[in-house]
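Fair warning: this is a prediction, and the values are worked out from it, not measured in the lab.
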Amino acid sequence: MRDDGEVSDRDPVRLFLALWPGERVRVRLAACRDAWRWPRGAKPVADETLHLTLHFIGAFARARVAELATALADVPVAPMSLRPGRAEVWRGGVAVLKIDGDPALAELHARLGDVVTSAGVALDARPFAPHVTLARRAARADPPPRSPAFRWRASGFVLVESIPGGAARYEVLDRFGAAPPARSDSDSG
């Protein structure tokens, strides 16, 4: 960022690729989050930022975002039918809802990984574990006894910028496949 507060093409952006739920799925994910008993100090994720991360890209040259978007546009997206799995707390106090996906989700993750590595980004070495983060700082949280029952039909993904600052703020930069608009009534994306 320049001294006058303006953003330059040389400034990096923090990016990730995600499945971004439509309004109906977002409401169901929020209801699942709200069914937990949170310990004092837990930080539940805001409704509008619930998502399933496909790949964390991290710092990326702003001047190369259009080039990355062009490469991502060539990735085919097969329709996916995802179901909520187990709710659990991971190491570090991250409360998640695991997502049971069909093979198309793993295929999309792999294809996107190829594009990301071609752009010079190192992939996370951990195996892909599809999930939606529901809260942070939730080490002693108590999940609901049953997993929610709904389907998340997804047929697209988004490129998202993580905006620096206190609370998590995201801006969807581009949509690929049939990713719904941010305020859609669709349950795909």
Separation between [atom1] of [X] and [atom2] of [Y], rounded to the nearest 0.5 Å:
X      : Y      : atom1 : atom2 : answer
Leu72  : Asp174 : CG    : CG    : 8.0 Å
Arg169 : Ser162 : CZ    : OG    : 9.0 Å
Asp100 : His131 : CG    : NE2   : 13.5 Å
Leu159 : Ile57  : CG    : CD1   : 5.5 Å

May I ask you to test the [X]-[Y] pair for a side-chain heavy-atom distance under 4.5 Å?
X      : Y      : result
Arg14  : Phe56  : yes
Val121 : Leu15  : no
Leu173 : Val13  : no
Arg24  : Arg153 : no
Trp36  : Leu134 : yes
Pro130 : Leu82  : no
Ile99  : Leu19  : no
Val115 : Val75  : yes

Taking only residues two or more places apart in sequence, or in another chain, which ones meet [X] in a side chain to side chain contact (heavy atoms under 4.5 Å, CB included)?
X      : value
Val45  : Thr49, Leu50, Thr133
Pro39  : Ala42, Arg140, Ala141
Val160 : Phe16, Trp20, Val158, Tyr170, Val172

What pair of heavy atoms forms the shortest contact from [X] to [Y], and how long is it?
X      : Y      : answer
Ser147 : Ala87  : OG-N, 4.4 Å
Pro79  : Ala104 : O-CB, 3.8 Å
Pro84  : Pro148 : CG-O, 3.4 Å

**Q.** Check: Leu17 main-chain N/O paired with His55 side-chain donor or acceptor under 3.5 Å
**A.** no
Q: Sequence neighbours left out, what passes ring-ring contact (aromatic ring centres under 6.0 Å, His included) with Phe128? Give chain and number order.
A: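 Here the qualifying residues are His109.
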**Q.** Set of ring-ring contact (aromatic ring centres under 6.0 Å, His included) partners for Phe60, sequence neighbours left out
**A.**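 Phe60 satisfies ring-ring contact (aromatic ring centres under 6.0 Å, His included) with no residue once adjacent residues are dropped.
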Q. Got a sec, which pairs hit salt bridge (charged side-chain N to carboxylate O under 4.0 Å, His left out) with one end in residues 103-117, sequence neighbours left out?
A.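 The answer is Glu107-Arg111.
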Q: Scan for salt bridge (charged side-chain N to carboxylate O under 4.0 Å, His left out) pairs involving residues 124-139, sequence neighbours excluded, and state none if there are none.
A: Asp124-Arg126
Q: Could you note down all residue pairs passing side-chain hydrogen bond (donor to acceptor under 3.5 Å, both in side chains) where residues 75-88 supplies at least one of them, sequence neighbours left out?
A: Arg86-Glu88, Glu88-Trp90
**Q.** Test salt bridge (charged side-chain N to carboxylate O under 4.0 Å, His left out) applied to Asp47 - qualifying residues, sequence neighbours left out
**A.** Arg33
Q. Asp102: what forms a salt bridge (charged side-chain N to carboxylate O under 4.0 Å, His left out) with it, not counting sequence neighbours?
A. none
Joint cluster assignment, [X] & [Y], ILVMFWY side-chain distance < 4.5 Å:
X      : Y      : answer
Phe176 : Val65  : yes
Leu29  : Trp38  : yes
Val96  : Phe150 : no

Q) Mind checking what makes side-chain hydrogen bond (donor to acceptor under 3.5 Å, both in side chains) contact with Thr53, not counting sequence neighbours? A) His51
Q: Show which residues join Ile163 in its hydrophobic cluster (side-chain heavy-atom contacts under 4.5 Å, direct or indirect), or state none.
A: none
